[in-house]
Amino acid sequence: MPATDPNAPLRVTIAGFGQAGRCHAGAWKAMDNVEIVGVYSLRPDHEAADIAALCGPDVPVFGDYRQMLDTVDSDFASICTLHDTHADYVIEAASRGLHLLIEKPICLTPEELFAVRKAVKDAGIRAFAGFQEFHYGQLETTIDAVKKGYLGDLHLAQIEYYNGIGVWTPQHWWAKTKAIGGSSMLFCGCHPLMMMMNVMEGRRIAEVTALDTHSSSHHFAALEYKATQVNLLRFEDGAIGQVTSCLDSLHPYYWRNTLVGSQGSLIDTRIHSRNMVAGLDTKGWSDLATRSINDAGDIKYDMFVPMFERILANLRTDAPMPYSDFDRAWEMHRILFACDEAARTGKPVSPDAYLPT
Ligand SMILES: NC(=O)c1ccc[n+]([C@@H]2O[C@H](COP(=O)([O-])OP(=O)(O)OC[C@H]3O[C@@H](n4cnc5c(N)ncnc54)[C@H](O)[C@@H]3O)[C@@H](O)[C@H]2O)c1
């Protein structure tokens, strides 16, 4: 049964109006039959004019999250606040029956992860995670190439994510902290790890190991965690995964995929496949003409539109939600916490250590 009435407007609240909150607002405004009914801002005085311009002059702005939930009737909440509030805000909204889009990461600790999952399941609401990058362009093409079998059975998947969280980054003031940013994996490494979950869909991870390090450049000296972490994943079927989260690189934002399987390989936007179409040169590469992921270091609302369309279709017509559904994100966080423990202890960790009791 659809979660919401397909003919009634979906009433949406947005919590947090920074870079992500603005993208959510722009994407919701682009949807049919959706009304933004309230915005919670950490700095209402500072952001009221922008909220009015983007969401509409009559949309009420709140300086208190719970007050917003108590005051306006809504069906859905977009959680775009800082990481240390996510779990609490999700639980609060779920307990009121709101469906949710939660910006990554869902939470900062395994305990919060279990609590959030319980709240979502107990409330029977639908939840989605903010990984818009899998719903268009290069990454969607890559996942689809794997699903269609063009690479055969993958035995090696390397997903590498490079960013530079220096003082020039607007989020630097909070992203640099362990208390809010969390770790290299929690702040950004969750993106390539979620990509790994998508290309290796259906396979279980037996064990992870990880190493971390940091740049000696003064640009990254304020980061409270080691910004570079390389994680090795051993799958139960013998396949190997490698996820790199490097947040102290000086080069422009760069995302690199290397997938190797029994029928071919895909590296970034080049594919070599033995079963895709007849007549291809067995010594050559074919180029995939698709929007590059490498402009996603600076997010814009149009990048969120395809994911929002799928969220609405899921709520209104029960259409499947690929790539960024809550259960997949929950599983990814379990692996993430195992990776962070492996980096901290230098020992292999089984993700099954992170199962709710
Ligand atoms: N899905 C994605 O690609 C993507 C991209 C960016 C951020 N995010 C996620 O979205 C969430 C919010 O991140 P963001 O980039 O929007 O953060 P942001 O720093 O742009 O804004 C977050 C909040 O902090 C407040 N804020 C900003 N500067 C402030 C200051 N100087 N003093 C006090 N408050 C200030 C803003 O009002 C806003 O409510 C996080 O979970 C983040 O990881 C996701």
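Ligands are counted one by one from 1 in listed order, and the atoms in each one are counted from 1 as well. Side chains included, hydrogens not; waters and symmetry mates left out as well; all remaining heavy atoms used. Predicted model, so just to flag it, every value in this text is computed and none were measured.
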No-hydrogen, no-angle side-chain donor-acceptor test under 3.5 Å, Thr142 and Glu140: no
Exercise: do Glu103 and His24 side chains pair donor with acceptor under 3.5 Å: yes
Residue pair Val146 / Leu259, side-chain heavy-atom distance below 4.5 Å: yes
Ring geometry between Phe128 and Phe76 (parallel below 30°, tilted from 30 to 60°, perpendicular above 60°): parallel
Ring centroid separation Tyr354 to Trp330 under 6.0 Å: no
Main-chain N/O of Trp255 paired with Asn294 side-chain donor or acceptor, under 3.5 Å: yes
Expected rows: ligand 1 N/O, protein N/O, dist below 3.5 Å:
from, atom 1, to, atom 2, distance (Å)
ligand 1, 1 (N), Glu103, OE1, 3.0
ligand 1, 1 (N), Gly130, O, 3.1
ligand 1, 1 (N), Gln132, OE1, 2.9
ligand 1, 3 (O), Gln132, NE2, 2.9
ligand 1, 15 (O), Gln171, NE2, 2.7
ligand 1, 16 (O), Gln19, N, 3.0
ligand 1, 16 (O), Ala20, N, 2.8
ligand 1, 19 (O), Trp174, NE1, 2.8
ligand 1, 20 (O), Gln19, N, 2.8
ligand 1, 28 (N), Arg43, NH2, 3.3
ligand 1, 37 (O), Glu47, OE1, 3.1
ligand 1, 37 (O), Glu47, OE2, 2.5
ligand 1, 39 (O), Phe17, N, 3.1
ligand 1, 41 (O), His83, NE2, 3.3
ligand 1, 41 (O), His86, NE2, 3.3
ligand 1, 41 (O), Lys104, O, 2.9
ligand 1, 43 (O), His83, NE2, 2.8
ligand 1, 43 (O), Lys104, O, 3.0
ligand 1, 43 (O), Lys104, NZ, 2.7

